[in-house]
Amino acid sequence: MTATDTKTIAFVLYPGLTPLDLVGPLQALSPLPRIDPTFEVVVVGETLDVLPTDSVIRLAPSHTFDDVPDPFAVVVPGGGQPTLAACGDQRLIDYVDTADASAEIVMSVCTGAIILASAGLLDDRPATTHWAYVDILENLGAKYLHQRWVEDGKYLTTAGVSAGIDGGLYLASRLVGDEAAKLIQRGMEYEPEPPFPSIDWEAATVEALRPIWRGPLADEL
């Protein structure tokens, strides 16, 4: 197998993202190379430095942006205030834009969709994001849909945080088939049974909680 045969899935790491936004779908897609050796899964950053997240854990990429300029697929995780600030990071936006030009799949998790939209990739496209950031996504030109994930051509956006696992498993089913994706789901023991009932999506409730959850907006937005 040559380098040109390899289908690289690049997860983008930047300071302050939410760990589960990256690790959830990464866990779902990491088995792909064992199922189909043509796949490679990497985590890319501007440098190889260890970076802070919005939790106590710190993460480091396996490759730099320059190492993986034209991935087969790119996955952009999200987060809170640091993700909004990252929309002003021209090096990050340039990488996402360049990767988009050659990628067959462009995926976001949570507010990673806002990074895609900041790069001009979601103009007039249906997309989803974390419920607390819907207005920002729409102001950047996307058409918000209240769904767990939204697929539009090569673009796959997921809702907040844990929805990245669902999107990752769905993408796995696209790439290696339903049975293999079901095996991955079984291996992860992903069968959610939360201790609380379904989320209340009443508009008034969402509006009341939005400013509490996301805090003040970044100045650049």
Check: Pro37 main-chain N/O paired with Lys7 side-chain donor or acceptor under 3.5 Å: no
Side-chain (Thr128) to main-chain (Gln147) donor-acceptor, under 3.5 angstrom: yes
Test side chain to side chain donor-acceptor pair (under 3.5 Å) applied to Glu40 and Thr6, step by step: CA-CA 7 Å; Glu40 174 187 38; Thr6 303; 5.4 Å; no
By salt bridge (charged side-chain N to carboxylate O under 4.0 Å, His left out) - contacts of Arg174 (at least two apart): Glu151
Tyr190 reachable from Val23 in the ILVMFWY side-chain graph, under 4.5 Å edges: yes
Under 4.5 Å side-chain linkage, directly or through intermediates, the cluster mates of Val150: Leu145
Test of ring centre spacing under 6.0 Å for His130 and Trp213: yes
Tyr14 (side chain) donor-acceptor with Pro77 (main chain) under 3.5 angstrom: yes
Heavy atoms of other groups near Glu191 CD, more than 12 under 6.0 Å: no
Charged N-O contact under 4.0 Å between Arg91 and Asp66: yes
CA sep, side-chain torsions, deciding dist, call: Lys143, Asp123, salt bridge (Lys or Arg N to Asp or Glu O under 4.0 Å): CA-CA 8 Å; Lys143 297 178 179 178; Asp123 289 352; over 6 Å; no
Flag, side chain of Thr64 to backbone of Asp67, donor-acceptor distance under 3.5 Å: yes
Arg210 side chain vs Ala132 backbone, donor-acceptor pair below 3.5 Å: yes
Thr205 side chain to Trp201 backbone, donor-acceptor under 3.5 Å: no
Co-membership, hydrophobic cluster, residues Tyr133 and Val206, 4.5 Å side-chain: yes
Main-chain N/O of Leu20 paired with Thr18 side-chain donor or acceptor, under 3.5 Å: no
Atom pair OG1 (Thr98) and CG (Asp70), whose distance is rounded to the nearest 0.5 Å: 10.0 Å
